[in-house]
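Below: one structure in structure tokens.
By convention in this document, chain letters (A, B, ...) are assigned in the order of the sequence lines, proteins followed by strands, and residues within each chain are numbered from 1. From a predicted model like this one, the values you see are computed outputs, not experimental measurements.
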There are 2 protein chains.
Amino acid sequence: MSEKVKNETDAVDAIMAQWQREKPEFDLTAMEVLGRLKRASAMLSPKIEKVFLEFGLNQPEFDVLATLRRSGAPYCLAPTELFSTLMVTSGTMTNRMAQLEKKGLIERVPNPDDARSKLVKLSDKGFELIEAILPHHVQNGLSLIAGVDGGSLSDLNQSLKDLLTALGTSEAE
Amino acid sequence: MSEKVKNETDAVDAIMAQWQREKPEFDLTAMEVLGRLKRASAMLSPKIEKVFLEFGLNQPEFDVLATLRRSGAPYCLAPTELFSTLMVTSGTMTNRMAQLEKKGLIERVPNPDDARSKLVKLSDKGFELIEAILPHHVQNGLSLIAGVDGGSLSDLNQSLKDLLTALGTSEAE
DNA sequence: TAAATTTATCTTGACCTCAAGATAAATCAG
DNA sequence: CTGATTTATCTTGAGGTCAAGATAAATTTA
């Protein structure tokens, strides 16, 4: 458990030391791990988005194209499925779709089963773009975690899975 | 390392299965762990902010008050120290300070050493509010991770620390 | 089948954030 | 000491998100 030999301190250690001094009566175990989780996510986000920006997409736009792409042919989903998968509101999805449609990366096609919605479909241009980005995105991810040894990474993955399971998951990338 | 017996699947497993089907040639190890990290953070944020909202603060406002509080008496910092600690821009900090000042939770006092800036100081009201919130915040954090067993949590904390160290940290809560 | 209800999406208004440029004080060069 | 540069902060304009309300189609009920 805590038999590792690493003595390096990160920014969260400094924060915890302050809290310990000011509020010694608090059990800080949760704040520590939750603080690290938040910080890690915050630091990684711009590094991940950087690749998308080089291809003219921001993170939200990439998320939509990636969700359509991994759904498999014909790369077509209902808006409801998209925004529930992506954990955003319907209004947010409306904006994103308008943006992507203007760029010609998706198309709205009539839903034969439900006239209240139009389906969202990856255009040829959108398909080609996401295909072009994906290898770079995957490689970028590998680079970002390259400094962490395999065992620690495997621990991290399993622990996060435990946490997500405990929370009861949902959302996408 | 991977000798645990848990077979539960989370949402990221489903996403990875789609990618595996569509893009079997990709090494998805990074996407998997980064996806879980992002998702865990996204799911936790509203649950953490909920406590602050009950006290009339949002997350950004809490962050400022908490940073001042843990800095210790006299609970007074320069804007630059605040926004670099909190990893936001100076303009964002300007807005937050205006908000908190309007609520009477902070005061701007002249900086004797540098007339370009005014120091930000927790007001009595601000101090009392953060003191009132903190126990609830700490308890809430403990509740949020209650479903994860101690060993997994300890692994998670250490792995995140490894990751943050590898990334080269910065920011606050 | 017509009214009531539910579902799927869009619209509106407000909030938070950032990047880039503007201001003003502090510090440095000569 | 004076102009040039750096530093600290604020202002402005644009983007992304959400909550709540508005629409309109689908479904249920009588």
*Can you sort out the partners of Phe26(A) under ring pair (Phe, Tyr, Trp, His ring centres under 6.0 Å), two or more places apart, ordered by chain and number?*
none
_My understanding is that only residues two or more places apart in sequence, or in another chain, count here; which of them pass side-chain contact (heavy atoms from CB on, under 4.5 Å) with Ala166(A)?_
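side-chain contact (heavy atoms from CB on, under 4.5 Å) check on Ala166(A) returns Val148(B).
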_Sequence-distant partners of Arg36(A), side-chain hydrogen bond (donor to acceptor under 3.5 Å, both in side chains), two or more places apart_ = Asp10(A), Asp13(A), Glu32(A), Asn157(B)
*asked:* In this structure, how many angstroms lie between the C1' atom of dA8(D) and the CG atom of Leu119(B), rounded?
replied: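 Taking atom C1' of dA8(D) as the reference, CG of Leu119(B) is at 12 Å.
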*Roughly how many Å is it from CG in Asn111(A) to P in dA8(C), rounded to a whole number?*
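Rounded to the whole Å, the gap is 11 Å.
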What donor-acceptor contacts under 3.5 angstrom involve side-chain atoms of residues 43-55 of chain B, with partners at least two apart or in another chain?
from	atom 1	to	atom 2	distance (Å)
Ser45(B)	OG	Ser41(B)	O	3.0
Glu49(B)	OE2	Gln59(B)	N	2.8
Lys50(B)	NZ	Glu54(B)	OE2	3.0

*Within this structure, what is the NZ-to-P distance between Lys50(A) and dA19(C), rounded to whole angstrom?*
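Interatomic distance, NZ of Lys50(A) to P of dA19(C): 15 Å.
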*Distance test, side-chain N/O of Ser117(A) to OP1/OP2 of dA8(C), below 4.0 Å*: no
*asked:* List the residues meeting side-chain contact (heavy atoms from CB on, under 4.5 Å) with Ser143(B), not counting sequence neighbours, and say none if there are none.
replied: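 Ser143(B) satisfies side-chain contact (heavy atoms from CB on, under 4.5 Å) with Gln139(B) only.
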*Sequence neighbours excluded, every pair satisfying salt bridge (Lys or Arg N to Asp or Glu O under 4.0 Å) that has a member inside residues 128-142 of chain B*: Lys23(A)-Glu131(B), Arg69(B)-Glu131(B)
*Just how far, in rounded Å, is C1' of dC18(D) from CG of Leu86(A)?*
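Taking CG of Leu86(A) and C1' of dC18(D), I get 15 Å after rounding.
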*Could you note down all residue pairs passing salt bridge (Lys or Arg N to Asp or Glu O under 4.0 Å) where residues 106-123 of chain B supplies at least one of them, sequence neighbours left out?*
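Pairs touching residues 106-123 of chain B that pass the test: Asp114(B)-Arg116(B).
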*Does any donor atom in the side chain of Gln158(A) or Asp162(A) lie under 3.5 Å from an acceptor atom in the other side chain?*
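Gln158(A) vs Asp162(A): donor-acceptor pair found between side chains.
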For nucleotides 24-29 of chain D, list the nitrogen or oxygen atoms of the protein found under 3.5 Å from its nitrogen or oxygen atoms, one pair per line.
from	atom 1	to	atom 2	distance (Å)
dA26(D)	OP1	Ala115(A)	N	3.0

*asked:* With the threshold set at under 4.0 Å for non-hydrogen atoms, list the residues of residues 91-104 of chain A touching DNA chain C in residue-number order.
replied: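 The answer is Gly91(A), Thr94(A), Met97(A).
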*How close or far is atom P of dT17(C) from atom CD of Gln59(A), stated in whole angstroms?*
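The distance from CD of Gln59(A) to P of dT17(C) comes to 18 Å, rounded to the nearest Å.
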*Take the protein atom CG of Leu82(B) and the nucleotide atom P of dC10(D), then report the distance between them rounded to whole Å.*
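Taking atom P of dC10(D) as the reference, CG of Leu82(B) is at 11 Å.
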*Under a 3.5 Å cutoff on both atom distances, Watson-Crick or G-U, what's the dot-bracket for DNA chain C ([ ] crossing, | other strand)?*
||||||||||||||||||||||||||||||
*Any side-chain donor-acceptor pair under 3.5 Å between Asp155(A) and Ser159(B)?*
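No donor-acceptor contact under 3.5 Å links the two side chains.
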*Output the rest of the hydrophobic cluster of Leu119(A): all Ile, Leu, Val, Met, Phe, Trp and Tyr residues reachable through side-chain heavy-atom contacts under 4.5 Å, sorted by chain and number.*
Val109(A)
*asked:* If I take atom CG in residue Asp63(B) and atom C1' in nucleotide dT17(C), what distance separates them, rounded to the nearest angstrom?
replied: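 Between C1' of dT17(C) and CG of Asp63(B): 14 Å.
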*Would you mind telling me which of dC10(D), dC18(C), dT17(C) lies closest to the side-chain atoms of Pro60(B)?*
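So the side chain of Pro60(B) is nearest to dT17(C).
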*side-chain hydrogen bond (donor to acceptor under 3.5 Å, both in side chains) against Glu81(B), all qualifying residues, sequence neighbours excluded*: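 For Glu81(B) there are no side-chain hydrogen bond (donor to acceptor under 3.5 Å, both in side chains) partners, ignoring immediate neighbours.
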*Figure out the CZ/P separation between Phe83(A) and dC18(D), and round it to whole Å.*
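Roughly 11 Å, once rounded to whole Å.
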